[in-house]
Amino acid sequence: MPIRLSSLFLRTLREDPADAEVDSHKLLLRAGYIRRAAAGIYTWLPLGLAVKAKIEAIVREEMAAAGAQEVFFPALLPRDAYEVTGRWTEYGDNLFRLQDRRKNDYLLAPTHEEMFTLLVKDLYSSYKDLPVCLYQIQNKYRDEARARGGLLRGREFVMKDAYSFDIDDEGLKKSYQAQRDAYERIFKRLGVEYVIVKADAGAMGGSASEEFLSPSPIGEDTFVRSPGGYAANVEAVKTPAPEARSIEGLPAAEVRDTPNSSTIATLVEAAGITAADTLKNVVLALVSPEGKRSLVMVGIPGDREVDTKRAEAAFSPNEVEQATEEDFKKYPELVKGYIGPKAGGFEGIKYYVDPRVVTGTSWVTGANVLGKHVFGLVYGRDFEADGIKDIAEVRAGDPAPDGSGPLELARGIEIGHVFQLGRKYAEALDLKVLDENGKLVTVTMGSYGIGITRLVAVLAEANRDEKGLIWPDAVSPADVYIVAAGKEEENYAAAEKIAYEFEAEGKTVILDDRPKVSPGVKFGDAELIGVPYVIICGRGIANNEVDFWNRRTGERRTVPLNLVALQL
RNA sequence: CGGGAUGUGGCGCAAUUUGGUAGCGCACCUGUUUUGGGAACAGGGGGCUGCAGGUUCAAAUCCUGUCAUCCCGACCA
């Protein structure tokens, strides 16, 4: 049955809603695909549901092709499982927690690793059962500090999450590759542009991890790419360390007076050096998931700032904050503006350096005395660190870690994430199977996610013009949109007839059969709603002709009634 | 979490400064005319002005508190 606009639950809006900023959000609201129910929480109207269902269908087909089987977990979960893996605490404020009438703790699942792991543990116990890959398409709940962009970052959203279970690392690699390939097929079929970037595994644990980003200026993720094909999330960019140099013959370190030079800028000005010659020692406060606060110090080249996201990744699962006046009061040896590495270190403060700080490099840095800096301080001779932390900002022009050329920075929206979880969850939840020798071995896992509702926003954002949406064929709420224009009965009858002919061929149709609605309104709504192919049954009907309108190219041409079907 | 802005029929806004019966456009309903780019005329329905308290003869408007929403930022030592 065609979808009839005369009875469809739809009201298009002529003006942009005041609370929408992003174009895709405005259009989805105006064209009647979604309604806001609360901050970051949306109601799906018939048209929106149709687009979402199209995306889900493609995902399901490709999951099946990759050998994954669909299951469905509750979104409402008891605390236990999340307690075992530590995530009840680790997830922090982003977790929606609630209690039942008996005061038992529950949560609305932000993701389902634990449940999948426990399900496999529940039913399987032999290597013969593996590998197995399960997935679901489910609502997820995350109490985002700041929901934004409509469907782009919601507090409730739909995600396809898949998990693979293998007996060994080799199996995991295969499962991972199968999902990765499926993702490429899915995004190609959806007609969405994507870049695969190396990602930081972060709080999820595990090793290999890649993100699928859709390049977009409104993206929240910054990624880098090189002419040679390297691509990575900024959090995951590993700064290449230069070769260690000889210490032989380097001049001895010398402390000089540098009054009123508490910032890199003033120091550079006063000493006639460049910012890159200086070593800036940044004091950061780490807050552990349990809420414990401690300080660390990181030496980075003075011409760079700390990248908070990279720092968070480097010190995960701790949160990273700037050290406050309070923090400094506890460590009077730290002279703000003149902090430098100290022999033996500061009591209770670990000292890390940037990867560029290698043996034989010489630096101008704070002397830990007000108004004094030390010049020619050589790493490996005059100071040492407790380790390397790569937390300095990445800049356009920096070399790619694999030598494939200078990096360029771009923004993207994360639409998919694949990674090799390894044994973190299997170990925590004791998922083991018997191998062929009858010995218990821990299963290794992979986890693979696609943001379904986010994809609706990404596709809308990438496929629109000033008049409205223009869906890719694969996700359009209908294959063809038929407008009955004018007041003549024959126009409506013809539109009706064509609609049923398309339906008989298996095509889906939206039919604008609204009586007493002016053509201008109908054309405007057709453009707003964004089905890529529009057929207009109007004054041409008298001559057995209709107008075929390609919404994407804007091309319109008159075709004989009996050839309409050939236009699609 | 920090900063900024805003809450008035379904949507977009005005009236708030200077307290005095809550208004406009869109949408909706009825009728007549109109029908290939968001029609015209006439008539009509719909709002305890986010919520709670206070001041006042009188509060959308002033005061206090509270809730919500949107945007920006997340600390450049």
Side-chain angles (χ1 to χ4, degrees), chain A residues 9-22 25-26 29-30 32 35-41 92-94 143-150 153 155 218 220 261-267 275 278-285 287 295 297-312 319-325 327-328 334-340 365-366 391-393 395 467-468 483-489 491-492 512 514-528 534-542 545-547 549 554 556 558:
Chain A
F9 186 66
L10 173 76
R11 176 111 303 137
T12 55
L13 307 176
R14 204 174 283 199
E15 285 166 295
D16 285 333
D19 57 3
E21 195 66 23
V22 175
H25 188 200
K26 288 179 188 167
L29 247 12
R30 280 186 52 206
R35 299 293 303 163
R36 195 185 71 87
I41 302 176
D93 289 337
N94 267 17
D143 193 0
E144 296 287 348
R146 188 173 157 219
R148 70 185 90 190
R153 174 170 297 275
R155 297 194 295 166
I218 59 163
E220 294 183 288
S261 299
S262 64
T263 69
I264 297 295
T266 51
L267 175 64
T278 67
L279 186 66
K280 176 161 69 179
N281 291 287
V282 178
V283 180
L284 300 171
V287 182
L295 295 189
M297 195 166 119
V298 186
I300 62 173
D303 60 335
R304 290 185 189 252
E305 303 303 339
V306 169
D307 182 314
T308 316
K309 280 188 175 169
R310 280 164 64 74
E312 293 268 356
E319 299 218 342
V320 178
E321 294 175 13
Q322 184 192 14
T324 61
E325 289 300 331
D327 292 321
F328 277 104
L334 296 175
V335 187
K336 271 188 94 171
Y338 300 92
I339 298 170
T365 189
I391 66 166
E393 64 183 329
R395 287 202 296 237
K467 300 222 168 126
V483 176
K487 59 180 172 180
E488 293 76 16
E489 273 304 315
N491 300 356
Y492 287 80
D512 191 348
R514 290 175 293 180
K516 295 185 181 175
V517 172
S518 75
V521 170
K522 290 184 173 179
F523 296 152
D525 280 344
E527 284 166 320
L528 188 57
V534 181
I535 289 167
I536 302 161
C537 298
R539 56 192 173 203
I541 290 297
E545 285 174 347
V546 296
D547 284 353
W549 178 15
R556 277 200 209 203
T558 304

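Atom NZ in A:Lys467 sits roughly 11 Å away from atom P in B:G38 (whole-Å rounding). A:Phe523 has its CZ atom 8 Å from the P atom of B:G36, to the nearest Å. Rounded to whole Å, the distance from CD1 on A:Ile218 to P on B:C71 is 11 Å. The distance between atom CG of A:Asp307 and atom C1' of B:G73, rounded to the nearest whole Å, is 15 Å. A straight line from CZ of A:Arg36 to P of B:C71 spans 10 Å, rounded to a whole angstrom. As rounded to whole Å, 13 Å separates atom C1' of B:G4 from atom CD of A:Glu21. Following rounding to the nearest Å, A:Glu545 (CD) and B:G36 (P) show an atom-to-atom distance of 17 Å. The nearest whole Å value for the distance from the CG atom in A:Asp143 to the C1' atom in B:C1 is 13 Å.
Note on A:Glu527: a base of the nucleic acid sits closer than 4.0 angstrom, heavy atoms only. Counting any heavy atom pair closer than 4.0 Å across all strands shown, A:Gly32 reaches no nucleic acid atom. If you check every strand for non-hydrogen atoms under 4.0 Å, A:Lys336 touches nothing. No contact: A:Leu334 has no heavy atom under 4.0 Å from any strand. Across all strands shown, A:Asn281 has no heavy atoms under 4.0 Å from either base or sugar-phosphate atoms. Note on A:Val483: nothing from the nucleic acid sits closer than 4.0 angstrom, heavy atoms only. A:Asp16 comes within 4.0 angstrom of the backbone, heavy atoms only, and of no base.
Among the nucleotides B:C13, B:C75, B:U69, the one closest to the side chain of A:Thr308 is B:C75. The side chain of A:Val521 approaches B:G38 more closely than any other nucleotide in the set B:A77, B:U69, B:G38. Minimum atom distance to the side chain of A:Pro519 is reached by B:G36, of the listed B:G36, B:C70, B:G38. Proximity note for A:Pro17 (side chain, C-beta onward) versus B:U69, B:G36, B:G12: the nearest is B:G12. Considering only side-chain atoms of A:Glu305, the nucleotide from B:G36, B:A77, B:U69 that sits closest is B:A77. With B:G36, B:A77, B:C13 as the choices, the nucleotide that has an atom nearest any side-chain atom of A:Ala18 turns out to be B:C13. In this structure, of B:C71, B:C11, B:G38, it is B:G38 that holds the atom nearest to the side chain of A:Arg30. Relative to the side chain of A:Arg539, the nucleotides B:G36, B:A74, B:U69 differ in distance, and B:G36 lies closest.
Partners of A:Arg35 under the salt bridge (charged side-chain N to carboxylate O under 4.0 Å, His left out) rule, at least two apart in sequence or in another chain, do not exist in this structure. Judged as a salt bridge (charged side-chain N to carboxylate O under 4.0 Å, His left out), and not counting sequence neighbours, the contacts of A:Glu393 are A:Arg395. With sequence neighbours left out, A:Glu144 forms a salt bridge (charged side-chain N to carboxylate O under 4.0 Å, His left out) with A:Arg153. Residues meeting the ring pair (Phe, Tyr, Trp, His ring centres under 6.0 Å) test with A:Tyr338, sequence neighbours left out: A:His373.
Here the separation of B:G45 from B:C1, taken at their C1' atoms, is 47 Å to the nearest Å. With both ends at atom C1', the span from B:G46 to B:C41 equals 22 Å, rounded to whole Å. B:G43 and B:A58 have their C1' atoms separated by 34 Å, given to the nearest Å. B:U16 sits 10 Å from B:C62 when the C1' atoms are compared, rounded to a whole Å. Comparing the C1' positions of B:A59 and B:A52 gives an interatomic distance of 15 Å, to the nearest angstrom. Look at the P atom in both B:U61 and B:U49: the space between them is 8 Å, to the nearest Å. B:C28 and B:G10 have their C1' atoms separated by 9 Å, with the value rounded to a whole Å. Comparing the C1' positions of B:C67 and B:G25 gives a spacing of 30 Å, expressed to the nearest Å.
Closest non-hydrogen pair, A:Arg155 versus A:Asp143, comes out as NH1-OD1, 3.4 Å. Among all heavy-atom pairs drawn from A:Lys522 and A:Ala484, the shortest one is NZ-O, 2.7 Å. Here the shortest heavy-atom pairing between A:Cys537 and A:Val546 reads SG-CG1, 3.9 Å.
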Pairs under 3.5 Å (N/O, protein and nucleotides 23-32 of chain B):
unit_1, atom_1, unit_2, atom_2, d
B:G25, N2, A:Glu15, OE1, 3.2
B:A27, OP1, A:Arg14, NH2, 3.3

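Nearest-nucleotide mapping onto RNA chain B: of A:Leu284 and A:Asn491, the residue sitting toward the 5' end is A:Asn491. With the nearest nucleotide of RNA chain B identified for both A:Ala39 and A:Val306, A:Ala39 has the one nearer the 5' end.
Within a 6.0 Å radius of CG in A:Asp93, no more than 12 heavy atoms belonging to other residues, nucleotides or ligands are found.
Taking CZ from A:Arg14 and CZ from A:Arg30, the interatomic distance works out to 9.5 Å, rounded to the nearest 0.5 Å.
Of the charged side-chain nitrogens involved, at least one lies within less than 4.0 Å of a carboxylate oxygen, so that A:Asp512 and A:Arg514 count as a salt-bridged pair. A salt bridge links A:Glu305 with A:Lys280: the closest approach of a Lys/Arg side-chain nitrogen to an acidic carboxylate oxygen falls below 4.0 angstrom.
A:Val283 places none of its side-chain heavy atoms less than 4.5 Å from the side chain of A:Asn281.
Remark: A:Ser518 is not in phosphate contact with B:U34, judged by side-chain N or O atoms under 4.0 Å from OP1 or OP2.
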Given Watson-Crick and G-U pairs under 3.5 Å, RNA chain B in dot-bracket ([ ] crossing, | other strand) is (((((((..((((......[..)))).((((((.....)))))).....(((((..]....))))))))))))....

